[in-house]
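Below, read A as the first sequence line, B as the second, and so on, with proteins coming before strands; counting in each chain starts at 1.
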Number of protein chains: 2
Amino acid sequence: MSANKLKERKKISCPVEYAVSVLSGKWKLRILYAITKQSPKRFKELEREISGITPTMLTAQLRELERDGIIEREVFATVPPTVEYRLTAFGKTTAPMMNEIKNWGLLLKAHQAGNNGNEIS
Amino acid sequence: MSANKLKERKKISCPVEYAVSVLSGKWKLRILYAITKQSPKRFKELEREISGITPTMLTAQLRELERDGIIEREVFATVPPTVEYRLTAFGKTTAPMMNEIKNWGLLLKAHQAGNNGNEIS
DNA sequence: CTGGATCCCTGAGGATACTG
DNA sequence: CAGTATCCTCAGGGATCCAG
């Protein structure tokens, strides 16, 4: 997200839009969900857990989450390098929301399964 | 969202990713939030409430929400035309999630206000 | 292992004009 | 009022290569 976008964000009044401005991004919620489930988490663990993501994108989205104060990064001077990501105190406030999103995802899936024998029709 | 994307959706296992696949789109959550707060809602009311959206985009996103079984559309043969949008029974299951998203948006805003006298630094 | 730096591309999003 | 039809832009996302 550009610096310009950051300035735009300050003008937002709608709380939902405000939340979206921080959570949008193809992988943000999945990353957040993965770290919420188990923390801390290493870079490689995240990469494995979030199928389809590339290291480049993972890095980019992690940086934004970090910049927004939701996660923090700890580097260990080991060989090979180790980096752990965990929720900040503020990041933990996303837990109820993440939980509801997960629950609704499950509801949605069940609902669609109910509606769709649409392979046939 | 293309028909191809719909097929892709069936492969998704992660509930969060599944929810995101339906809710992603720049205006989806704001539309949903607006209809959740007060239902039914007319096209023009939505357009007014969601600042920045164009009629074209509003239509497109409403169609997707309708196709996904979250909202429904009722047309009245009046002059001028009237169209009302409301949550479906399933759409109402988004309420707890929407509420948490809104709450977190408020938290986030308060949090950033706390961190940022960064105009000066 | 954990990324940074580049370049490229697609499709979501937007602008405009028109209509029942 | 509530859309549809077109066309076009641009930035988010991805691929690739390189490095501490």
Side-chain angles (χ1 to χ4, degrees), chain A residues 1-9 17 20-31 34-35 40-68 71-86, chain B residues 1-9 17 20-32 34-35 39-68 71-86:
Chain A
M1 185 178 281
S2 66
N4 202 345
K5 285 279 177 77
L6 285 181
K7 290 183 185 176
E8 289 301 315
R9 193 140 91 199
E17 184 182 3
V20 167
S21 78
V22 169
L23 300 175
S24 71
K26 190 173 180 181
W27 309 96
K28 288 271 182 69
L29 285 173
R30 290 191 69 192
I31 293 171
I35 300 182
K41 214 141 205 166
R42 299 186 51 192
F43 187 88
K44 199 64 179 179
E45 292 178 312
L46 288 169
E47 189 182 348
R48 265 195 296 266
E49 187 164 339
I50 303 169
S51 60
I53 198 170
T54 60
T56 306
M57 285 311 299
L58 181 53
T59 299
Q61 307 260 303
L62 284 169
R63 289 291 174 279
E64 291 197 10
L65 287 170
E66 188 186 1
R67 193 206 51 202
D68 288 329
I71 63 174
E72 57 192 4
R73 187 168 170 269
E74 188 176 5
V75 182
F76 298 91
T78 54
V79 175
T82 302
V83 179
E84 288 184 354
Y85 292 90
R86 75 193 71 220
Chain B
M1 185 179 281
S2 66
N4 203 345
K5 285 279 178 74
L6 284 181
K7 289 182 184 176
E8 290 301 315
R9 194 139 91 198
E17 183 182 3
V20 167
S21 78
V22 170
L23 300 175
S24 71
K26 189 172 180 183
W27 308 96
K28 289 270 182 70
L29 285 173
R30 292 190 68 193
I31 292 171
L32 207 48
I35 300 182
S39 174
K41 215 141 205 167
R42 301 185 49 191
F43 188 89
K44 200 63 179 181
E45 293 178 312
L46 288 168
E47 190 183 346
R48 264 194 296 266
E49 186 165 340
I50 303 169
S51 61
I53 198 170
T54 59
T56 307
M57 285 310 299
L58 181 53
T59 298
Q61 308 259 302
L62 283 169
R63 290 291 175 279
E64 290 197 8
L65 287 170
E66 188 186 1
R67 192 206 53 202
D68 288 329
I71 63 174
E72 57 193 4
R73 187 168 169 271
E74 188 176 6
V75 182
F76 298 90
T78 54
V79 175
T82 301
V83 178
E84 288 184 355
Y85 292 90
R86 76 194 70 220

Could you state the atom-to-atom distance from CD1 of B:Ile31 to P of C:dG13 in whole Å?
10 Å
In whole angstrom, what separates B:Lys41's NZ from D:dC1's P?
16 Å
How long is the line joining CG of B:Leu23 and P of C:dA12, in whole Å?
16 Å
Over how many whole Å does the gap from A:Glu8 atom CD to D:dA11 atom C1' extend?
15 Å
At under 4.0 Å between heavy atoms, how does the protein contact nucleotides 13-20 of chain D? Give one character per nucleotide, 5' to 3', with B, S or -.
SSBB---B
Is the shortest distance from a Lys or Arg side-chain nitrogen in B:Lys28 or B:Asp68 to a carboxylate oxygen in the other one below 4.0 Å?
no
Closest to the 5' end of DNA chain C, once A:Ala60 and A:Pro80 are matched to their nearest nucleotides, is A:Pro80
Residues in side chain to side chain contact (heavy atoms under 4.5 Å, CB included) contact with B:Thr59, at least two apart in sequence or another chain
B:Phe43, B:Arg63
Salt bridge between B:Arg48 and B:Glu45, side-chain N to carboxylate O under 4.0 Å?
no
Look at the side chain of A:Arg73 and decide which nucleotide, out of C:dT2, D:dA2, D:dG3, has an atom nearest to it.
C:dT2
Using whole Å, what does the distance between atom C1' of nucleotide C:dT2 and atom CD of A:Glu47 come to?
9 Å
Test applied, salt bridge (charged side-chain N to carboxylate O under 4.0 Å, His left out); reference residue, A:Glu49; option that passes from A:Arg42, A:Arg30, A:Lys41:
A:Lys41
To the nearest Å, give me how far apart CD (B:Glu84) and P (D:dC1) are.
15 Å
Just how far, in rounded Å, is C1' of C:dA15 from CG of B:Leu58?
16 Å
Side-chain N or O of B:Arg42 closer than 4.0 Å to phosphate OP1/OP2 of D:dC1:
no
When you measure from the side chain of A:Arg9 to the backbone of A:Ser21, do you find a donor-acceptor pair of N or O atoms at a distance under 3.5 Å?
yes
In whole Å, what is the span from the CD atom of A:Glu74 to the C1' atom of C:dT2?
15 Å
So, do B:Ile35 and B:Leu65 sit near enough that their side-chain heavy atoms are less than 4.5 Å apart?
no
Whether the side chain of B:Gln61 engages the backbone of B:Trp27 through a donor-acceptor N/O pair (distance < 3.5 Å, no angle test) should be reported.
yes
Which part of the nucleic acid, if any, lies within reach of B:Phe76 when heavy atoms closer than 4.0 Å are counted: base, sugar-phosphate only, or nothing?
nothing
If you check every side-chain atom of A:Val83, which of D:dG3, C:dT2, D:dC1 has the closest atom?
C:dT2
Report the nucleotide, chosen from C:dT2, D:dG3, D:dC1, that has the shortest atom-to-atom distance to any side-chain atom of A:Phe43.
C:dT2
